[in-house]
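To keep things clear, I will list the structure first and then write my remarks on it.
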Amino acid sequence: MKRTNIYKYAYYLLIPLLLGVSACEDYLDVNDTPNNPLAVTPPVLLPSALAGTAFANANELNRFAAVTVTHLAGAAGSPAAYDIYNIDGGVFGNQWRFEIYGGALVNYQKLIEDGEERGANAYVGIAKIMKAYTFSIATDVWGDVPYSEALKGTEFLQPRIDSQEDIYKGNSALGIQSLFDLVREGLADLEEASTFTPGSDDLVYEGDIEKWKKAGNTLLLKFAMQISRREPALAASVINEVLAKGPESYIASNTEDLNVRFGASVGSQSPIHTYTNVSSFKDELIVSTRFVDVLESLNDPRLPIFVTKPGADYVTVDNGFRGTLPQPVANWSRYNSYVTGVNGEGPVRLVTNFQRAFILAEAALTLPGVATTQTAQEYYTEAITASMELAGLTSAEITAYLDANPAIATLSGSTEQQLEQIMTQKWIAWFGNGLEAWNDWRRTGYPVLAPSQNAVGIDGTRPVRAQYIEQELSRNPNFPNPGPLSNEKLWWDVD
Amino acid sequence: MKKILLMCAALLLIITSHSQLWAQERTVTGKVTSADDGTALPGVNVIVKGTNNGTTTSADGTYSISAAGDATLVFSFIGLTTQEVAIANRSTVNVQMGSDVTELTEIVVTAQGIERDQRSLGYAVQSVNGDKLAQRSEPNLLNSLQGKVAGVNILGASGAPGASTNINIRGITSFNGSNQPLIVVDGIIFSNDLNNTQNTLFGSQPSNRLADINPENIESINILKGPAAAVLYGSRASAGAIVITTKSGKNLNNKTEVTVNSSVNFQNVYGLPRYQNQYGQGANNDYVNNSTNSWGPAFGTPGYATVINLQGEEVPYQAYPNNVRDFFDTGRILQNSVNIASGDADKNFALSLGSTLQNGVIPGTKFNRHNVQIGGNTKLNNGLKVGTQISYVNTGQSGTPMGNGGSAFGQLTRIPRSYDLTGRPYTNEQGRSIYFLTTQNHPLWSTENEVLDGQVDRVFGNFSLGYDITDWFSVTYRATADVYSDRRKLTLQIGSARAPLGQLVEDNFFRQELNQDIILTFKKDNLFFENFNANALLGHNLNQRRFQNSSVVGESLTIPQFTNVSNASVFTSSAEESSLRRLVGYYGQVSFDYNNFAFLELSGRVDQSSTLPKANNAYFYPAAAISFVPTDAFNVESNILSYAKVRASIARVGRDADPYLLNTVYVPATYGNNLASITFPMSVGSASIPGFQIGSRIGSNELTPEFVTSYEFGANLGLFQNRFGLDVTYFESKSTNQIFDVAVPNTTGYDTRTTNVGELENKGWEAVLTTSPIKTSAFSWDINLNFTRIRNKVVSIAPGVTQSNIDGDLFIGIAPSIVEGQPYGVIVGTANARNDAGEYLINPTNGLFVPGIAGEVIANPNPDWTAGLTNTFNYKGFSLSVLVDTRQGGDLYSFGAVDLRGNGSLAVTAIDRDQPRILPGVIDNGDGTYRPNNIQISAQSYWAGLGGLASEAAVFDATVYRLRELALNYSLPSGLLSKTPFGSVTFGVSGRNLYFFAPNFIGDPEVNTQGAGNIQGMDLNGAPNTRNYGFNIRFTL
């Protein structure tokens, strides 16, 4: 009796053991993640990449650049440091990592790789154009950066640093494709049939491929102008290449601007709106007295459209000011809805019609060999008009302003003086896009910016580049370490 | 009292023994004296061995007894060592009796619940009795272990109710895996996970789930320190194991006992810095009504009797010395528990109820826990052993967010000395905060309007069947489950600094762990020859862990104070994360014992894990341990060396990966941080636009398990009849093949890649010294001293990688890191620039430090050594236990200290404030020489110029000495209770954290804002600690 019991119980006890062994194969087959997709379609990749580019332009780098070009002044926190030219390898790490390389760029790269497999040529073309634009932000801010070997994951775990010259011009010996060629490739892709076609996921043009082509060509103009001081012949030839495609080929209307649109609700809003009007960091920035002074001195009708005036007068501070800040903060002058959108819709303006007209004005004025079809003056008027129209002024108001202020409306004096006029107007028009204003100021030196109060920085120099990210230096020995400081000019910044 | 009773008993013996006198007897007389002090010992029992012939010593210690000349006398007395003395035909036998020190034969619980004699173990296991943990003014079990165990590092996050507590045993062994030990409660693998709802830089310090255990219900805790001890538990025990046994009726000898504990404790905030009270709000000696600084005019400056605040009101300009202290409430902890237990080793039953109700010192914060546990074991008539136990716990926690900037604690370090924090209204008619900063909130408003609530419902239990098939072979089957849900709600009312439009988060966690073990045990004494005994064990384990976290994030609230998510108008960040992992394990152990003085134990385990690539998913790891007791082997009969044991072990434990690491995946796209952010799906115009982006981690399909190999050597010594005991261990561990997300340059498009790399090493000493300087029947004094010293080093990370962030939330420029050649967890930030002589470089134009150098190791949070000293005194019914401990060295990175120093709040900043100062350092002469800095700057520039948040100047030495715990109990004499239903009644007072001394820090350095986990040493505007004290009563029926 006892014996049977033993065997019986032992048998029962062993059942789970046996079950466990035999079911092992399936039992352990549970490691497919239910949380994340392993592949996605182009329409969900494109908007996240575009938003990355918009953040790269309009988030912290704009807080820095807008202060550096005295659109704004830093009242506290990091903008106050920027305002006395203090930047180091600790700032902009988020921009480098989350917005540029690990945000926009890697997703454009995925879009290109995956889109080419799927035959989604429309997406591939857009991605190449935007990849080129986003790389231009990286090189215009930091100079020599990883480019040709970047974004390849484990293939290049320590990507080479490509010189800014090679990035813009290409270097076939090193296998570096120029930004120009990258855009040209994108334009070619846009001519192809596409298995996927963008719609509302295209935060810029809602799927209008023709506008993307115009944006691509206009981007060529921007790149050409950016290197024009260093490489005037190349710049002229690229500009001529675009002009030869005819006026239909580039952005010629404000409705064709390359703008990233945001939404009106929390979590969908333009970063400029959030840090200007919502976040607990909003009182770190205030409009610069210098910007308001310039616009007031020019009687510029865009001032109340660009800058808020909650109180009786504009409440601003001078750049580098370190005294008691004006009170109450509710009356501070800040970015107006022209920049932020009424409820945070933005848009973030990346490549614009006025920019194109200013570029052609500058080219006509300064670049030998360009085949511009109009005079610098004509382009200049077109540019100011485009900017004012974008600000919402009627053509009657614009004409009235230009007629009443011939000293502003008319280019006069030496080439240098005319250039200063163009660049000053461009600097005003770029209100809300500090990076482009900073690019232009570094390239041309206009408008002439007086030093900030209490300037420190490196030898008191207004930054002409950003220092490499410390964390990146520690991860990639290809970077020079220590890297160049913020007072060392970039390759295209000849003077 | 006891002595009198004993004398009575002895008298009875004498009376009854008269009729049984032996023949050939002779009268032996003598005197019994104390070995301690030579005084006479009355009432000692003297018995002729083998008979019931006995007597007791009289008041002068003498005795007289009749006995045969070849007989042996046995002298015994409670509290003294029993002695046997041969008469050897003497007529006078004088004896000295020494205090009885418990033999160092202690039963401890080892892996898989195996009970073992301490002497047979080749590795260190430290046992802590439940009575050392109960009634200690502390509802968190882990905290009450602090200072009591060698080789263990325990650090609480703060004094916030339920705040998590970090525990590491013998250092850090994994780069990114959990380094918390495995917790086993009554055989149940018990989750000690910490689930975060918020970014840990800004969170409210949720509990780790060991907080669900009621400390009043603990029978004992056994800490298995090394992998050798824990290998049978498998992978997760590579960081050691804590085996908790709750109270059962096992040891009651068939009695029934009802135990009732009741206590009330109070908490005060403790560890606030010393503030100055001479200067008020402002800067550069001017009053500024929205300044966080106290660099304003001195109080009493003419014209500054009153000032206009930000609200436009005229308010007095004076010091509010207690403005920060008064923010805090007096906390209260009520603990009640009832235990009903009955039975013996075979059949027993226990029911336990517990309740803990805590209101913290931070207004509105709570930790409430209710436990029910029922269990029992029985042996059926047919021999089948059945046991089960089931527990239900409900734990509620309410906290308020902490962290830099937009939280109550982000503000508390920025309150000007002249700001009346608690004396004025702080909420306006619209329900918004009234404060001196417009983008921040009044701290009291924050505690009311920024709240994280959690409700944990947890069930855990076991079920076991056992059968002794023969007297040498038995089978046990055990199934255990541990399941909880944690329903969180984060409420950030409209106007919250971190979510100005308001935010509601419903965050639900579910976790389940199931285990099934079948264990065959074999036991054979005198296996091959006499006194050679063998035990063997074979086991099979099936393990499943399921986790789910789903959250609904509602933003942009409309109706004030309405906290249902239907009040939100934007839902963008809602998310789900689930995981399932399984493991199949086979384990075995054989142990041999020769004559109870030589022991050998061999263990091994094979695990097969679902989380590894199929080709590499099975891995084997072994352990071996030896123990030898020379005092027994060589029959050492010495009054000095009473006991000696040497031991050694070696083990290697494999660890699998976390689930789902094999692939690179896409994630919902988000951009930005607390400055500005977007989350997909975005709503643009009328369209809702989904967006995914490639994840920042590169997966790998070639992962293999990681391993920890450890060696351990130790000795246990018992001296002077074991009145002095020493347990010393040296250990080394080497972690290799770490499954780790190696940092890659962001220009690759990614941030990390998962791979097997790196080597991490720990070397350490731990020692426990126990002694009883005085042990008499009336009074005893026991000392327990433990010491820990661990040296950790990151030997290598990956080819070309010398530095990597620890997983987790971090501020830019302040990175808790893994750095080659450094201890684990060093903080990489901005160091001051120095010359070759190590002197700070000063900018000659302004007298301030030249810009610092980013990317330098500036802090090491690991202590040099720690020690705890417990003194226990017993006198009659009184028992006093005092624990002091210290942490030597280690750094703390403190935002609060920098804030308070830079904004002129600290007392030290008021000293000679009107005098210029000079920063320490030198000025570069440009020719390779330096001159001492002589540039005078204002006090404000000086204290701010020492360095800001992200700088070396935020690093402080965290050395601290602490009166950790004090408990005084009085038990009523049993004589008084004999006519009552009470078996025992004990009253007590206890206190925790009664005093500390931190020579190099402005407050209590024993905080870690980010809570339990691998990131340590960060005080990022978290809550301070508390001082607890209270009363308790305990009685049994």
Side-chain angles (χ1 to χ4, degrees), chain A residues 5-6 9 13 16-17 20 24 27-28 30-31 33-38 40 44 47-48 51-52 55 59 88-90 93 96-97 101-102 106-107 109-110 146 150-151 153-154 157-159 200-201 261 263 265-268 271 274-275 278-283 324 329 470 472 474-476, chain B residues 288 382 405-406 438-439 467 469 475 477 497 500-501 516 518 540 542 555-556 570 572 577-578 580 582 584 608 610-611 659-660 663 665-667 669 671-672 675-676 678-680 682-684 687 689-694 696 698 743-751 803 812-813 851 854-855:
Chain A
N5 264 347
I6 292 165
Y9 287 117
L13 287 167
L17 176 66
C24 258
Y27 183 76
L28 290 175
V30 293
N31 206 32
T33 173
N35 302 316
N36 299 96
L38 300 184
V40 296
V44 296
S48 57
F55 262 71
N59 193 28
D88 59 24
W96 179 275
R97 172 182 169 187
Y101 281 99
V106 70
N107 289 300
Q109 183 69 23
K110 286 284 155 200
L151 313 176
T154 48
L157 278 172
Q158 292 172 341
S200 66
D201 55 304
R261 296 167 305 124
S265 53
V266 175
S268 298
T274 311
Y275 67 69
V278 184
S279 102
S280 58
F281 297 86
K282 71 192 179 81
D283 295 340
T324 305
V329 294
E470 285 293 343
E472 200 70 5
S474 73
R475 292 182 180 190
N476 188 351
Chain B
V288 181
N382 58 9
T438 50
T439 54
Y467 192 77
I469 292 169
V475 182
Y477 169 82
L501 300 178
Q516 169 187 288
I518 294 165
H540 170 66
L542 287 181
E555 295 180 279
S556 229
V570 178
T572 49
E577 191 202 338
S578 305
L580 172 64
R582 287 175 173 156
V584 180
Q608 210 179 352
S610 68
T611 64
Y660 318 137
N663 297 107
V665 298
Y666 286 87
V667 299
Y671 285 99
L675 194 73
I678 59 164
T679 314
F680 282 85
M682 267 175 83
S683 144
V684 178
I689 300 166
F692 274 71
Q693 58 192 172
I694 190 79
S696 64
I698 306 173
V744 296
N746 293 143
T747 52
T748 59
Y750 302 87
D751 191 51
Q803 186 174 328
I812 303 163

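The chains referred to below are lettered A, B, ... by the order of the sequence lines, with proteins before strands, and numbering in each begins at 1.
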Next item on the list: Can you tell which part of L501(B) gets under 4.5 Å to a heavy atom of chain A, answering side chain, backbone, both or neither?
Entry: side chain
Item checked: Modelled atom types, side-chain donor and acceptor of T438(B) and D283(A), under 3.5 Å -> yes
Notebook entry, point to check: What part of S200(A) is in contact with chain B, defined as an atom under 4.5 angstrom from a non-hydrogen atom: side chain, backbone, both or neither?
Noted result: both
Margin query: Report which part of D88(A) has an atom under 4.5 Å of a heavy atom belonging to chain B: side chain, backbone, both, or neither.
Written below: neither
Next item on the list: Using a 4.5 Å cut-off on heavy atoms from C-beta on, say whether the side chain of Y27(A) contacts that of L542(B).
Entry: yes
Margin query: Give me the atom names and distance for the closest heavy-atom approach of V570(B) to S265(A).
Written below: CG2-CB, 3.5 Å
Note to self: Is F680(B) close to chain A through its backbone or its side chain, or both, or neither, when contacts mean heavy atoms under 4.5 Å?
What the structure shows: side chain
Margin query: At a heavy-atom distance under 4.5 Å, which candidate from L38(A), V329(A), V44(A) has the highest pair count against chain B?
Written below: V44(A)
Check: Do N746(B) and R475(A) have side-chain heavy atoms sitting under 4.5 Å apart?
Finding: yes
Note to self: So for P851(B), is it side chain, backbone, both, or neither that comes closer than 4.5 Å to the heavy atoms of chain A?
What the structure shows: neither
Next item on the list: Please state whether the side chain, the backbone, both or neither of S696(B) comes within less than 4.5 Å of a heavy atom of chain A.
Entry: side chain
Notebook entry, point to check: salt bridge (Lys or Arg N to Asp or Glu O under 4.0 Å) with K110(A): which residues, sequence neighbours excluded?
Noted result: E113(A)
Item checked: Contacting moiety of A743(B), where chain A heavy atoms sit under 4.5 Å -> both
Checklist line | Residue selection (most heavy-atom pairs with chain B, distance under 4.5 Å) from T274(A), L151(A), N59(A) | finding: L151(A)
Note to self: List the residues meeting salt bridge (Lys or Arg N to Asp or Glu O under 4.0 Å) with R582(B), not counting sequence neighbours, and say none if there are none.
What the structure shows: none
Notebook entry, point to check: Between P745(B), S556(B), G813(B), P690(B), which shows the greatest number of heavy-atom pairs under 4.5 Å with chain A?
Noted result: P745(B)
Checklist line | Region of V667(B) that comes under 4.5 Å of a non-hydrogen atom in chain A | finding: both
Check: So which part of E555(B) gets closer than 4.5 Å to some heavy atom of chain A, the side chain, the backbone, both or neither?
Finding: side chain
Item checked: Heavy-atom pairs under 4.5 Å with chain B, option from G153(A), G89(A), P146(A) with the top count -> G153(A)
Next item on the list: Report the option among G90(A), G102(A), P271(A), P47(A) that has the most heavy-atom pairs separated by less than 4.5 Å from atoms of chain B.
Entry: P47(A)
Check: Is the closest side-chain heavy-atom distance between F692(B) and N107(A) below 4.5 Å?
Finding: no
Check: Tell me, side chain or backbone of L675(B) under 4.5 Å from chain A's heavy atoms, or both, or neither?
Finding: both
Margin query: With a 4.5 angstrom heavy-atom cut-off, is it the side chain or the backbone of V744(B) that approaches chain A, or both, or neither?
Written below: both
Item checked: Option in G93(A), P159(A), S268(A), G263(A) with maximal non-hydrogen atom pairs under 4.5 Å from chain B -> S268(A)
Check: Contact part of I689(B) toward chain A, heavy-atom cut-off under 4.5 Å: side chain, backbone, both or neither?
Finding: side chain
